[in-house]
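Structure first, commentary second.
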There are 2 protein chains.
Amino acid sequence: MSTIEDVAKLAGLSRTTVSRVLNDHPYVSDEKKRLVQQAVEHLGYVPNSAARSLRNQRTGIIAVLIPKIATPFFSQLVEYLEMAASAKNYQLIICQTQFSKHKERKYLDLLKTKQVDGVILTSIENELSVIDSYLHFGPIVLCNEMVEHAQIPMVYMNQANSGYLVAKHLLERGHRHIAYCSTGIESDGMKAREQGFKRALTEAGCSFNESAHFKKSATVNDGKQIFKKIVNMKVTPTAIFTGGDLVAAGFISEAIKHGWSIPEDIAVVGFDNMKISELLDPMITTVIPPVEEMAIKSMDVMYEKIHTKQYRSIEKHEYSSKLAIRESSMMNRTLVATS
Amino acid sequence: MSTIEDVAKLAGLSRTTVSRVLNDHPYVSDEKKRLVQQAVEHLGYVPNSAARSLRNQRTGIIAVLIPKIATPFFSQLVEYLEMAASAKNYQLIICQTQFSKHKERKYLDLLKTKQVDGVILTSIENELSVIDSYLHFGPIVLCNEMVEHAQIPMVYMNQANSGYLVAKHLLERGHRHIAYCSTGIESDGMKAREQGFKRALTEAGCSFNESAHFKKSATVNDGKQIFKKIVNMKVTPTAIFTGGDLVAAGFISEAIKHGWSIPEDIAVVGFDNMKISELLDPMITTVIPPVEEMAIKSMDVMYEKIHTKQYRSIEKHEYSSKLAIRESSMMNRTLVATS
DNA sequence: ATGAAAGCGCTAACAG
DNA sequence: CTGTTAGCGCTTTCAT
C-alpha cells in the first residue's frame, strides 16, 4: 500500500503539493498537477481514510439507529437515507437498537469516539435528558420521532394530520362508529395521531366510544384478535382504523374467514403502505407516510448541523402523509344514526 | 474532548501506562490501574477511533454491499448480519449498489482507502476478475452468491437442493406438468436451482416442457402476466413454481380474479418466505432460505479472513433451505398422464 | 513495572 | 507556486 510520501518521491515533489493536487487546492501549476496524477496512477495510490479522519476531525460517516432493520417501514427509510447520504458522499453505519436502552447508548457513544460525524435517531429508547447529553459530542437528528420540547432537530410526519385524514375519509363515507387502534408505542407522535383522529370526529359532531379503542396492536395476530373482539360487541363499528397494515391484514383475513365482507360489513384503513396492502383482496386503504421526504430532509439537516457545528436547536420539520384510498374502504354507507 | 495525554497528566503517569490500562495489558500495578480509571472517569475520556484506526491499521467496520436494502430478503439478511457483526464488535456500513457496476466498484474502493476491514458482497455486478482484483486490498466474502471457480470465500444456499425440494414436493402430490419461473438473475445459483428442479423431474420420469418456462419474473405484475399466459396454453400445467413470493402472490390474485381455485385448479409454490406468503388466502407454500445461518457464517468467515490475512481461497459454505408447505399446494392430485 | 520516543498517513500554517 | 514542519491521538518498541 503506497502512501502520499511514495507519490511525492516518484513525482519528485513534496507531500504538500501532492496533497494540494489531491484536494483540488488552487495555486498548483498544471505541470506538477500532471506529474502527481501520473505518479498516483502508476502506484495505484489511494489516500488512507483513517489518516484523513484523524487529521481532518471528520469521518464522513453517519450512524443510523433503528429498532429493527427488517421492519418494512424502517428498511424503506434506510433505503432513502442511504441514497441521500450517498449523494452527499457520506457512508451510513446501521445500528439496530432492538428497542434496548443500553444498545442505544452504546451506539450513541460512536459520537464520543468520533467514529461518526453524526447520529440519526429513528426511535427513542432513553430519556430525553440522556439523548440530550450526547449533543455535546456531535449532531443528532430525530427522524420519524418528535418530542415536544426537545432542543434537537426533528423531522417527522404530521401524525395529527394523518389521523385526521383517515377519520375525515371514513366520515365522508357515512361512517359514524369508527374503531381506533393504537400501536403500543407511546410517543408524542402517536398521541398526536389519536388526537387528530378524534378532532375530526368531534368536528363532525360524532362521539368516540372508548370501548372501540384497541391498544397495543402491531401484528397480524393482533388484527385477528381485534376482529374476534369486535364480533362480540353489542354495537359493532362500521369502520376501523387499524394503525398499521399488518393489523389491517390480520383483521381482514379473520373477518373474511368468518364470512364478513370488506368493506360492506366493515371498512378498514391501515397505515404504512406496505406492499401487502396492495396484494390482499380487498386492497387495503392505507396511509402513505412521507418516507422519502423525511429521509432527504434529515440528511440535509444533518449536513447543515455538521458544518455549522450548532447542534442544539429547536427545529421541527413536518411532512404530511397521503391517503391511498383502496377497496377496503371504498363504499358509501347510508347514514345511520348510532347513539 | 480530552485525549490520552490529558488522562496521563491528571493521573500523573505516562501515556504508555494509560494506554496499557485501557487495553488490558499485563504488567501494570493495581494502584496505577486505579489511578488511570479515576482520571478516565473524571474526564469522561473516550479513545478517538480515527487515531486508533490509523495506528492499528484496522477500523472495526465491515461494508455490506446490497442491491436495494428495502427488498425483504436483503433487509432480513442485513438484520442478521448486523447482529452477527455486533456480537463481534464490528460496525456495518450499508452500501446500496442499485445494481450498478460503477457503484459496486466505488464501494469496493472502501477496501483500498482502508475505511473498512472487509466487504461482504450479497450480489455481484462486475466481472469476477474485477472483484478478484480487490482481494489484494482486503477480504471479500460472497454471501448469497456463488461463482463456480472463484477464489473467494462463499456462503450460499444450496439452490439445486431448493429447486429439487420443490419439484419433489409437487411430484409427490401427483403433479406431472409443472411450470417454472426464472428470476431473471443469471447467476450460477439460479442455474443450479433450475437444474435441481429439472433433475427431480427427470428422476421421476417426468419431462419438462419448455413452453411452461417463464423467464425474468420477479414482481407481482409478472405473476399476473404469467397467469394470463397460462390461461391460454393448450395444455395448462397443474402446478407452478414461481421462484418468488411476489410472483406467486400476483399469480394467485389474478387466478382468483378469473375464478380459479388454488390449489384445486393449479398448485403454487413461491420462494423467500416473505410475510405476505402467510397472509394471502390461500397461504403460499414457499421455500425458506437459510438467511440466519448464512449471515452468521459469513461473519465468522470474514472474521477469520481478517485475522489470518489470507484472503484468496476457494471455500464453499453451503446451507439448505426448507420448504414451508402451506395451502397453495396442499392437495393431492389424482395421477393423470400428461404427454 | 514504567516511561521516552518514534511513527501510523495525512493536511495546513507558515515561510519563502 | 512550492516546500518545511508540526501535529491530529494513539500504541508499541526499546530502554531502564
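Protein chains get the first letters and strands the later ones, always in sequence-line order, with residue 1 at the start of each.
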Practice problem: Could you check A:Thr97 against A:Ser100 for side-chain hydrogen bond (donor to acceptor under 3.5 Å, both in side chains), going step by step and ending with a plain yes or no? | Solution: CA-CA 5 Å; A:Thr97 62; A:Ser100 138; over 6 Å; no
Quiz item: Any side-chain heavy atom of B:Phe137 within less than 4.5 Å of one from A:Met1?
Solution: yes
Practice problem: Please work out which residues in residues 106-119 of chain A have a non-hydrogen atom less than 4.0 Å from an atom of DNA chain C and list them by number. | Solution: none
Self-check item: Smallest separation among heavy atoms of A:Phe74 and A:Asn144, with atom names
Solution: CE2-ND2, 3.9 Å
Quiz prompt | Outermost DNA chain C nucleotides near chain B [under 4.0 Å, heavy atoms] | solution = C:dA1 to C:dG9
Quiz prompt | Listed once per pair and sorted, the side chain to side chain donor-acceptor pair (under 3.5 Å) pairs that draw on residues 132-143 of chain A, sequence neighbours left out | solution = A:Asp109-A:Tyr134, A:Asp132-A:Arg312
Quiz item: Got more than 12 heavy atoms from elsewhere within 6.0 Å of NZ, A:Lys68?
Solution: no
Exercise. Summarise how protein sits on nucleotides 3-10 of chain D as a single string, 5' to 3': B when a protein heavy atom is under 4.0 Å from the base, S for sugar-phosphate-only contact, - for no contact.
Key: BBBBBBBB
Practice problem: Sorted by first residue and then second, give each side chain to side chain donor-acceptor pair (under 3.5 Å) pair with at least one member in residues 110-121 of chain A; sequence neighbours left out. | Solution: A:Thr59-A:Asp117
Quiz item: Going by distance alone, is a donor N or O of one side chain under 3.5 Å from an acceptor N or O of the other, for A:Ser313 and A:Glu315?
Solution: yes
Self-check item: Bend angle of the helix from C:dA1-D:dT16 to C:dG16-D:dC1, from helix axes over five pairs at each end, nearest 10°
Solution: 40°
Quiz item: Is B:Lys9 atom NZ crowded by more than 12 heavy atoms from other residues, nucleotides or ligands, each under 6.0 Å away?
Solution: no
